[in-house]
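Accompanying notes for the structure given below.
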Amino acid sequence: MRLSDADTTAQLNGWVRRRRDHGGVIFVDLRDRTGITQVVFDPQIDEKAHALADSVRSEFVLNVSGTVRERAPGELLFNADAAFQAELVNGTPLSTEFRSLFSDLDTKYTLSDDVKVNVREPDKRWLLTDIENNRTYDIEREADSLSIYQGTVNPELATGEIEVAVDSLNILNTAKTPPFPVEDDIEVAEDIRMRYRFVDLRRPEMQKTLEMRHKAALTARNYMNEQGFLEIETPILMNSTPEGARDVLVPSRYYPGKFYALPQSPQQFKQILMMSGVDRYFQIARCFRDEDTRADRQLEFTQLDIEMSFAGVDDVLEITEGLMKRIFEEAGDIPVQTPFLRLPYYESMARFGNDKPDTRFGMELTDLSDVMADCDFQVFTRALSSGGQVKGIAVPGGADFSRKDIEDLTEFVATYRAKGLAWVKVTSDDQPESKYSSGIVKFFKTEQLETAQERMGAKPGDIMFFVADRPKVVADALGSLRLHLGRKLNMIDENRYNFLWIVDYPLFEWNEEANRYEPFHHLFTGATEETLPLLDTDPGRVQSQHYDLVCNGSEICSGSVRIHRWDVQQKIFDILKIKPEDIKNRFGYFIDALEYGTPPHAGIAPGLDRIVMLMRNEENIREVIAFPKSQQGLCPLTHAPSTVTEAQLEELSIRVDIDI
RNA sequence: GGGCUCGUGGCGCAGUUUGGUUUAGCGCGCCUGCCUGUCACGCAGGAGGUCGCGGGUUCAAGUCCCGUCGGGCCCGCCA
């Protein structure tokens with residue numbers, strides 16, 4: 001409802017956000033999904049409604065009807081010379097003389113610099129809004145002067161220019177005092193919010209998230225439909241596979257001792273759909289992984305699952321880019337430039353220490369192994385001689401870090417197995433000998449530090465951090481340190497969205513302990529045409545046709561071109577040393593299908609939760625799920641999982657072997 | 001499986017390090033009364049906690065010790 005609705009009658013349903021009882025007149029802020037409207041109970045309009053409104057409390061559910069009216073001017077503050085009318089044009093700064101009329105009255109009326117003028121009736125009425133001080137003034141032209149009234153418009157409300165004068169109130173329900181106020185920016189522990197999620201979700205920002213999530217899914221459906229994709233449901237109860245994450249299991253009543261598994265993703269079914277002649281499939285699919293959770297990981301989550309036949313890498317990337325653009329622009333009002341940058345996996349690892357880089361800031365990792373090869377610092381040389389590396393990052397302004405700061409950061413990298421964090425501060429001193437400050441400077445030739453400084457791009461006032469260790473540890477430690485400091489030092493522009501593809505992944509990873517190769521992603525990931533011959537000679541160098549889409553340090557899509565030829569699949573199984581009987585038991589149906597004319601196909605799975613997190617700028621996945629589970633996998637509302645009756649267990653032939 | 005951290009009226013927090021003037025304090029909210037233009041309304045008065053739980057040390061425990069439960073972040077795990 002807006003000013004244009006004035007003088008119409010209206011009926012409103014909603015919850016009471018706040019009640020302001022002035023004895024004679026009662027104001028109630030009534031909230032529904034669309035926002036807040038002020039409703040007024042005036043005994044002169046309806047005595048019964050006013051009397052009833054006396055009992056109204058926060059979060060009561062009301063139905064009111066009345067007249068929409070423009071908010072009338074308040075108390076007359078002063079009269080001013082009619083000549084000031086010339087200033088009442090938006091964009092024209094108010095004169096000092098005019099301003100002083102306000103401040104002379106009372107300091108609380110002193111106008112800020114941020115004052116807006118709205119002409120309501122040309123040459124007759126104006127609304128003056130002091131945005132900074134959150135005050136309004138009504139100005140009316142009299143015969144030969146201007147009357148300035150205290151305004152009753154609330155510039156913070158979209159409906160702030162109007163109110164509903166109630167002539168009939170119906171209290172649809174009462175409510176206990178809510179455990180926390182139903183408004184944005186509250187400071188309440190998350191478990192309290194979760195326990196009262198039905199109250200929490202009433203808050204405007206939560207409503208906004210729910211709506212944005214809905215729009216994202218709707219946009220995805222529309223887009224995929226336009227692109228010729230069919231939405232097909234795949235089973236929720238399926239076979240357990242020992243690969244990858246732990247399955248969520250469901251016992252079978254018909255087959256004692258046997259279990260269904262909930263899908264970790266519809267991977268195999270969507271590939272079978274390709275074999276079934278559905279050349280373009282998608283699904284908004286719930287996926288389940290029984291692993292420990294994190295801030296961005298939940299036991300169950302939602303993917304926009306996509307698969308297409310006769311398609312290669314470029315086809316999938318192009319469709320996905322279009323999808324992302326549509327979702328972010330239509331659901332999130334965030335402009336997106338396509339195509340996205342493609343970054344090879346090895347380059348991402350080298351520069352950022354991980355394959356989901358946040359590229360909104362610099363502070364990239366720099367390899368210094370060659371420079372440090374002949375230094376006297378044994379921590380470095382020992383790491384290098386045992387096949388490790390020395391890398392560093394330069395932290396802007398880090399020369400100010402205290403000993404305690406550095407100690408804390410050392411502790412931070414220790415969680416990633418780094419045994420230490422070497423540091424050298426770059427001072428503004430010009431002399432090469434005294435330019436670098438640190439306990440370890442003596443172990444290096446000045447030229448070594450100078451080369452390091454130059455490569456890292458460190459400036460006077462910066463600190464250089466070094467980690468020397470196995471490549472994995474160096475990458476983990478420095479990559480995480482980079483992100484940690486980037487956040488802490490406010491180097492990240494929250495309004496930017498940096499999309500990029502990570503490509504050219506290896507197909508296999510060597511497992512030291514097991515002394516064999518393991519798939520880098522999964523068993524059905526295809527290899528590039530060029531590196532396919534290496535399968536026989538040097539499997540470690542085979543490149544996969546896998547791709548990840550990353551945005552602001554978050555992996556939001558993952559996919560690949562799949563293997564569609566039986567002979568290639570066979571070779572993969574050989575390299576991975578999977579026994580033929582295992583293949584038959586675990587993937588028999590799948591292998592079977594592969595031999596009946598499988599088209600080349602490829603797919604991807606954008607994570608809906610993470611997309612909404614990005615668009616809402618949320619760090620926690622629970623914020624974008626209506627009813628999330630706690631970190632321990634408990635449902636704060638229903639307290640699932642729960643025990644079941646003996647009778648239920650008996651039907652399932654299950655005996656529970658713990659004391660409850 | 002491991003590390004860190006939090007737990008004090010309905011909510012947010014102080015007090016815990018150095019046990020004892022705290023009958024456990026503050027803000028918000030709540031309740032009652034007054035108030036016809038507020039929008040974080042105002043004014044006056046009031047109710048409400050035994051400090052997550054269990055055990056121990058002590059003359060004395062919110063405060064120290066042990067255990068346990070719950071929330072969160074991270075490593076492992078997970079793509």
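Computation of the quantities below employed the complete heavy-atom set of this structure, encompassing side-chain atoms and omitting hydrogens, waters and symmetry-equivalent molecules. Naming: A, B, ... by sequence-line order, numbering from 1 per chain. The structure presented is a predicted model; accordingly, all values stated were derived computationally and were not measured.
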request  = Classify the ring geometry between A/His484 and A/Phe412 as parallel (under 30°), tilted (30 to 60°) or perpendicular (over 60°).
outcome  = parallel

task = Select base, sugar-phosphate, or nothing to describe what A/Phe520 touches, counting heavy atoms under 4.0 Å on all strands.
result = base

task = Kindly say if A/Arg294 contacts the phosphate of B/C75, meaning a side-chain N or O under 4.0 Å from OP1 or OP2.
result = yes

query = When you compare B/G72 with B/G12, how far apart are their P atoms, in angstrom units rounded to a whole number?
reply = 14 Å

key: Donor-acceptor pair under 3.5 Å, A/Arg297 side chain vs B/C78 base   = yes

ask   = For atom P, what is the distance between B/C13 and B/G7, given to the nearest Å?
value = 9 Å

task = Establish, with yes or no, whether the OP1 or OP2 oxygen of B/C77 is under 4.0 angstrom from a side-chain nitrogen or oxygen of A/Arg246.
result = no

query = Which part of the nucleic acid, if any, lies within contact of A/Arg31, taking any heavy atom under 4.0 Å across all strands shown: a base, the sugar-phosphate backbone alone, or nothing?
reply = nothing

inquiry  = Measuring from the side chain of A/Asp29 (C-beta onward, heavy atoms only), which nucleotide among B/C75, B/G72, B/C39 has the closest atom?
reply    = B/C39

key: Shortest side-chain distance from A/Arg417, nucleotide among B/C30, B/C74, B/G76   = B/G76

task = Remember a base hit wins even if backbone is also touched, and classify A/Arg71 as base, sugar-phosphate or nothing at under 4.0 Å, heavy atoms.
result = base

inquiry  = Under 4.0 Å, heavy atoms only, any strand: does A/Arg57 hit a base, just the sugar-phosphate, or nothing?
reply    = sugar-phosphate

query = What nucleic acid atoms does A/Ala189 come within less than 4.0 Å of, heavy atoms only: base, sugar-phosphate, or nothing?
reply = sugar-phosphate

message = Mind checking if A/Phe180 touches a base, just sugar-phosphate, or nothing, with heavy atoms under 4.0 Å?
response = nothing

request  = Determine the contact category for A/Gln150: base if any of its heavy atoms lies under 4.0 Å from a base atom, sugar-phosphate if only primed atoms, P, OP1 or OP2 are that close, otherwise nothing.
outcome  = sugar-phosphate

note = The side-chain contact (heavy atoms from CB on, under 4.5 Å) partner of A/Val153 among A/Thr129, A/Thr136, A/Leu128, A/Leu3 is A/Thr136

ask   = Across the strands shown, which category fits A/Gly244 at heavy-atom distances under 4.0 angstrom: base, sugar-phosphate, nothing?
value = sugar-phosphate

request  = Check whether any side-chain nitrogen or oxygen of A/Arg20 sits under 4.0 Å from OP1 or OP2 of B/C41, and answer yes or no.
outcome  = yes

inquiry  = Can a donor-acceptor pair be found, under 3.5 Å and without considering hydrogens, that links the side chain of A/Ser265 to the backbone of A/Gln267?
reply    = yes

ask   = Would you say the base of B/G76 and the side-chain of A/Asp292 have a donor-acceptor pair closer than 3.5 Å?
value = yes

query = Are OP1 or OP2 of B/C73 and a side-chain N or O of A/Arg487 less than 4.0 angstrom apart?
reply = no

key: Donor-acceptor under 3.5 Å (A/Arg69 side chain, A/Asp7 main chain)   = no

ask   = Which part of the nucleic acid, if any, lies within contact of A/Asp548, taking any heavy atom under 4.0 Å across all strands shown: a base, the sugar-phosphate backbone alone, or nothing?
value = nothing

message = Is it the case that B/C77 (base atoms only) and A/Arg289 (side chain only) share a donor and an acceptor within less than 3.5 Å, ignoring hydrogens and angles?
response = no

task = Send over the distance from A/Glu187 CD to B/G10 C1', rounded to a whole Å.
result = 16 Å

query = Touch check for A/Glu163, heavy atoms < 4.0 angstrom, all strands: base, sugar-phosphate only, or nothing?
reply = base

query = Heavy atoms under 4.0 Å, any strand shown: does A/Val413 hit a base, just sugar-phosphate, or nothing?
reply = nothing

ask   = Looking at the side chain of A/Arg622, which of B/G71, B/G72, B/C35 is the nearest nucleotide?
value = B/G72

message = I want to know whether A/Phe288 and A/Phe301 have ring centres closer than 6.0 Å.
response = no

task = Please state whether the phosphate of B/C73, meaning OP1 or OP2, lies under 4.0 angstrom from any side-chain nitrogen or oxygen of A/Gln631.
result = yes

ask   = Under 3.5 Å, is there an N or O donor on one side and an acceptor on the other linking the side chain of A/Arg69 and the base of B/G37?
value = yes

inquiry  = Students often get this wrong, so: under 4.0 angstrom with heavy atoms, is A/Leu634 touching a base, only sugar-phosphate, or nothing?
reply    = sugar-phosphate

query = Which part of the nucleic acid, if any, lies within reach of A/Ser265 when heavy atoms closer than 4.0 Å are counted: base, sugar-phosphate only, or nothing?
reply = nothing

query = For A/Asn620 and B/G72, is the shortest distance between a side-chain N/O and OP1 or OP2 below 4.0 Å?
reply = no

A/Ser480 side chain vs A/Ala477 backbone, donor-acceptor pair below 3.5 Å = no

ask   = Looking for any heavy atom pair under 4.0 Å, which part of the strands does A/Thr177 touch: base, sugar-phosphate only, or nothing?
value = sugar-phosphate

